[in-house]
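Right, one structure below, let's go through it.
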Amino acid sequence: MDRPALTRAKARPAPTPRSPAGGTRPGARTVRPRTLRPRTLLIAAVAWLLAAVFLLPYAEMVITALRPASELRDATYLPTEFEWSNFVNVWRESHLGDNLRVTLLVAGGSTLLVLLVAVPAAYYTARVKFRGRNLFLLLVLVTQMFQPTSLLVGLYREFYQLHMLNSVWTLILCNAAFNLAFAIWILTAYFASIPVALEESAMIDGLGRGGALLRITLPLAMPGVVTAMIFTFIAAWNEFVMGLTLSTIPENQPLTVGINSFIGNYTVQWNYLFAGSVIAIVPVVVLFALIERKVVSGLTAGSVK
């Protein structure tokens, strides 16, 4: 053996002896079981307690929706039997199907109209330092202070003269108008948090202002767009006063007004009322569960630089 090979053989570290079967390997790090601190247990217990408090009304709503009519005034928390036919009866004996269709059209149409107007308005406000920009943002914020109830008389007279009462388009325009300012405010802050250098690089490569917005900025601003979308959709879905005032035909009323029809002058059909309420909240809960992560990231946009 030559001298360099002998030197390499001496410099090579000796192999670590293997441990017998079932034993611990020499020098290996022992993994200790994780112990929960009392503070962690306390925080978890409080969180579960708060979750139970918030979920208890929904559980009561589902239980009441499944009660037979003969047990509505019983003091027991659970009924003796669950009346699943309440959901079928409330669908057949009322205009709940038409009301659900109108609500879907109004909420979806209002959300689409708000995004079509708010995205370019917020982008221009965030990127261009025009004169009166701060005043414009202040006016956008001030419009949030007006309640729809204070404008109902004027809205009713206006749409009456335009022969647009009992129309889905009327509710779409009203809901979009009252939710547009909030969407512009959220999207302006989100567009402002996106570096301008990204758009400048895209325009150097040949894209115009519109192409940079659609291909670069808008995908990055998607969490903010989703946040504006979900808040607009929920606000239009839960709207009651304008639907009650501007729609008098039962088939053309939104779901919130249709559910109110189960409250009579002398009696209340509690089982049908709560069954309709369960049907009304399911689409919103499913939608929010699907895009909850994007909503949270959109709300916290710009908080960390």
Side-chain angles (χ1 to χ4, degrees), residues 34-87 90-91 96 99-100 103-104 107 111 144-145 147-149 175 178-179 182 186 223-224 226-241 243-244 254-263 267-301 303-304:
R34 185 178 180 181
T35 58
L36 295 177
R37 298 179 180 179
R39 181 181 177 183
T40 305
L41 293 175
L42 180 61
I43 293 176
V46 172
W48 279 105
L49 180 61
L50 290 176
V53 170
F54 282 108
L55 292 177
L56 187 60
Y58 295 96
E60 178 66 25
M61 179 176 62
V62 175
I63 292 172
T64 306
L66 296 174
R67 281 185 181 272
S70 58
E71 300 183 15
L72 288 175
R73 297 184 180 274
D74 291 352
T76 58
Y77 187 75
L78 294 175
T80 56
E81 60 178 355
F82 293 100
E83 195 75 20
W84 295 96
S85 61
N86 286 339
F87 290 95
V90 76
W91 193 267
L96 202 65
N99 302 143
L100 181 60
T103 301
L104 286 172
T111 303
Q144 291 296 106
M145 302 179 184
Q147 293 294 328
T149 53
N175 282 280
F178 282 105
N179 291 285
F182 181 74
I186 287 183
V226 172
T227 302
M229 180 190 73
I230 190 63
F231 275 95
T232 303
F233 187 88
I234 291 177
W237 186 277
N238 295 330
E239 202 284 321
F240 174 77
V241 178
L244 180 64
L255 191 59
T256 51
V257 182
I259 293 175
N260 191 59
S261 63
F262 297 112
I263 303 176
T267 59
V268 179
Q269 296 173 295
W270 292 108
N271 50 351
Y272 291 169
L273 178 65
F274 282 99
S277 301
V278 171
I279 296 174
I281 68 172
V282 167
V284 177
V285 171
V286 172
L287 177 64
F288 190 83
L290 292 176
I291 58 178
E292 180 263 342
R293 291 185 178 180
K294 290 186 177 295
V295 172
V296 174
S297 60
L299 289 176
T300 56
S303 60
V304 179

Nearest heavy-atom pair of [X] and [Y]: which atoms, and what distance?
X	Y	answer
Ala275	Val90	CB-CG1, 4.2 Å
Ala280	Ile259	CB-CD1, 3.7 Å
Gly276	Leu96	CA-CD2, 4.1 Å

Supply the atom-to-atom distance [X] [atom1] to [Y] [atom2], rounded to the nearest 0.5 angstrom.
X	Y	atom1	atom2	result
Phe240	Asn260	CZ	CG	4.0 Å
Ile281	Ile234	CD1	CD1	12.0 Å
Thr227	Ile186	OG1	CD1	6.0 Å
Thr256	Leu244	OG1	CG	8.5 Å

Excluding sequence neighbours, so at least two apart, what forms side-chain contact (heavy atoms from CB on, under 4.5 Å) with Thr103?
-> Trp237, Pro254, Leu255

Side chains of residues 44-69: which donor-acceptor pairs under 3.5 Å do they make with residues two or more places apart or in other chains?
| from | atom 1 | to | atom 2 | distance (Å) |
| --- | --- | --- | --- | --- |
| Glu60 | OE2 | Thr64 | OG1 | 3.3 |
| Thr64 | OG1 | Glu60 | O | 2.8 |
| Arg67 | NH1 | Glu71 | O | 3.3 |
| Arg67 | NH2 | Thr76 | O | 2.4 |
| Arg67 | NH2 | Tyr77 | O | 2.7 |

